[in-house]
Amino acid sequence: MRKAFIPFATCISLLFIFLHACKPDSPDEYNPIPVTLETPPFFPPIVIPPDNPLTEQGIRLGKMLFYDPILSGDNTLSCAGCHSQTFGFSDSGKRFSTGIQGIMGDRTSMGLFNLTYHKSFFWDGRAKTLEEQILEPVPNPIEMHLEWTDAVEKLKNDANYPRLFFEAFGSYEITKEKSSKAMAQFLRTILSSNSKYDKYLRLEIQELTESEERGREIFFAEFGSPNGGGDCFHCHGNILFQNVDPVDQFRNNALQQAATVNDYADKGLGAVTGRPQDNGKFKVPSLRNIALTAPYMHDGRFATLEDVVDFYSDGLNLSPNVDPLMKGAQAGGVQLNNQQKQDLVNFLKTLTDYEFAENPEFANPF
């Protein structure tokens with residue numbers, strides 16, 4: 001019988017098809033696409049950790065992990081479950097977040113934006129990097145309540161995540177550290193810089209309303225100024241409207257009553273450092289997007305901006321280590337009249353970036 005002749009080129013083609021069909025369904029090569037964040041006008045330069053550069057693939061993976069309830073013990077709660085974009089990535093107006101077993105926390109969820117500028121995380125500063133902070137909520141028994149070893153197994157057994165980790169990090173190996181790095185990449189892209197006040201600074205709008213302008217003057221005026229000194233700028237005076245200096249980012253703002261430095265119901269920073277003089281100090285939050293992130297203070301005790309302004313005007317509590325910048329503490333507050341209070345509230349509302357709260361780049365990808 002005559003044998004069929006198969007040309008050499010055809011053999012090579014058939015071999016390529018066979019080998020390709022037998023390969024696992026995976027990318028052929030690791031090709032991350034770098035991403036550079038543009039620094040918003042008037043903002044400090046953006047600095048990205050050299051050990052976690054931004055890539056399109058890393059950001060995409062981080063966004064999916066942030067929104068996926070797979071990282072919770074019962075697959076019902078994602079990171080976004082306590083950090084809603086509509087509410088400035090805070091917890092949907094709740095005073096305290098509730099975990100998967102119905103256990104309620106005792107501090108308010110902070111809004112997540114402009115995190116690339118932060119030097120510590122959590123109200124008490126116990127995490128020094130964003131990557132470190134991200135690792136905590138997953139195994140926390142009153143939050144997502146899933147050990148990272150189990151979370152990693154769930155990700156390994158998912159149909160999509162091994163490929164996504166390869167695309168982001170060049171390896172199919174999945175670890176909690178890579179998960180944290182990916183989410184940190186996504187969270188660092190969440191920049192907010194397009195409030196009414198930003199547009200005013202950029203001269204895109206020519207003026208604030210008369211009330212907003214009076215409120216701006218009160219915000220940046222010293223305590224005791226003739227037209228109302230809100231004294232707000234000492235802790236919230238830069239373009240971020242919060243103090244992110246490593247030394248001065250924590251303050252005792254006369255919120256809690258305490259006869260001695262050991263009498264605070266929540267010691268805040270002091271519980272982390274063990275230094276009595278740090279008791280009652282908490283991280284200074286940003287006033288950006290403040291119209292979206294109620295309730296206010298570390299324990300969410302104030303439901304409205306009006307409540308906050310009333311507190312600083314007339315409700316300060318003396319304590320042994322109240323911050324020296326709380327210059328109105330001896331008088332019980334900065335003593336604003338009703339019109340001045342309303343003007344200050346109106347100015348604070350100009351700091352909210354409503355476009356950020358609807359930006360599809362930050363929205364749920366599922």
Does a donor on one side chain and an acceptor on the other come within less than 3.5 Å for [X] and [Y]?
X: N194; Y: R202; value: yes
X: S109; Y: S97; value: yes
X: S192; Y: N114; value: no
X: N262; Y: T260; value: no
X: E131; Y: N52; value: yes
X: N253; Y: Y312; value: yes
X: N321; Y: Y264; value: yes
X: D310; Y: S313; value: no
X: Q342; Y: N338; value: no
X: T273; Y: D278; value: yes
X: D343; Y: S211; value: yes

Main-chain N/O of [Y] paired to [X] side chain as donor or acceptor, under 3.5 Å:
X: H83; Y: M110; value: yes
X: Y296; Y: T304; value: no
X: K181; Y: D51; value: yes
X: D323; Y: R251; value: no
X: W148; Y: T175; value: no
X: Q340; Y: N227; value: yes
X: Q256; Y: D266; value: yes
X: K154; Y: S72; value: yes
X: S92; Y: K94; value: no
X: R288; Y: I239; value: yes

Any idea which heavy atoms bring [X] and [Y] closest together, and the distance?
X: L255; Y: F311; answer: CA-CZ, 3.6 Å
X: A258; Y: P320; answer: O-CD, 3.2 Å
X: L61; Y: A168; answer: CD2-CB, 3.9 Å
X: Y354; Y: A291; answer: OH-CB, 3.7 Å
X: Q249; Y: S120; answer: OE1-OG, 2.9 Å
X: M297; Y: V308; answer: CE-CG1, 4.2 Å

Could you tell me whether [X] atom [atom1] has more than 12 heavy atoms of other residues or ligands within 6.0 Å of it?
X: N337; atom1: CG; result: yes
X: Q257; atom1: CD; result: no
X: E306; atom1: CD; result: yes
X: E207; atom1: CD; result: no

Sole residue of L164, T55, L65 in side chain to side chain contact (heavy atoms under 4.5 Å, CB included) with R60: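 Output: one option passes, namely L164.
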Derivation of the salt bridge (charged side-chain N to carboxylate O under 4.0 Å, His left out) call for R214 and E217: CA-CA 5 Å; R214 290 194 301 267; E217 293 174 359; over 6 Å; no
Q85/N364 under side chain to side chain contact (heavy atoms under 4.5 Å, CB included): CA gap, chis, key distance, verdict: CA-CA 9 Å; Q85 181 181 4; N364 192 333; over 6 Å; no
How long is the gap from [atom1] on [X] to [atom2] on [Y], to the nearest 0.5 Å?
X: E204; Y: Q206; atom1: CD; atom2: CD; value: 10.5 Å
X: F87; Y: L112; atom1: CZ; atom2: CG; value: 14.5 Å
X: F165; Y: S179; atom1: CZ; atom2: OG; value: 3.5 Å

Verdict with supporting geometry, L287 and L348, side chain to side chain contact (heavy atoms under 4.5 Å, CB included): CA-CA 7 Å; L287 301 184; L348 291 172; 4.0 Å; yes
Heavy-atom check, side chain of [X] versus side chain of [Y], under 4.5 Å:
X: F362; Y: F113; value: no
X: F356; Y: I190; value: yes
X: Y67; Y: F366; value: yes
X: S195; Y: T350; value: no
X: I134; Y: F66; value: no
X: C235; Y: V284; value: yes
X: T116; Y: I48; value: yes
X: M326; Y: L316; value: yes

Whether F241 and Y197 hold their rings parallel, tilted or perpendicular, with breakpoints at 30° and 60°: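 Perpendicular.
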Geometric class of the F233/F220 ring pair [parallel <30°, tilted 30-60°, perpendicular >60°]: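 F220 and F233: tilted rings.
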Answer yes when [X] and [Y] have at least one side-chain N-carboxylate O distance shorter than 4.0 Å, and no when they do not.
X: E153; Y: K156; value: yes
X: K196; Y: E212; value: yes
X: R107; Y: D91; value: no

Stepwise salt bridge (charged side-chain N to carboxylate O under 4.0 Å, His left out) check, R126 with E132: CA-CA 9 Å; R126 63 186 183 272; E132 181 183 340; over 6 Å; no
Side chain to side chain contact (heavy atoms under 4.5 Å, CB included) between V47 and Y117, intermediate numbers included: CA-CA 8 Å; V47 178; Y117 296 106; over 6 Å; no
R163 and D158: CA distance, side-chain angles, deciding distance, salt bridge (charged side-chain N to carboxylate O under 4.0 Å, His left out) verdict: CA-CA 10 Å; R163 175 193 292 271; D158 183 84; over 6 Å; no
Chi angles and distances behind the salt bridge (charged side-chain N to carboxylate O under 4.0 Å, His left out) call for K178, E173: CA-CA 9 Å; K178 289 180 181 178; E173 179 190 26; 3.8 Å; yes
Test log, rule side chain to side chain contact (heavy atoms under 4.5 Å, CB included), inputs E222 and K327: CA-CA 9 Å; E222 294 276 4; K327 298 176 182 178; 2.9 Å; yes
Six-ring centre of F121, K283 cation under 6.0 angstrom, axis tolerance 45°: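 K283 over F121 ring: yes.
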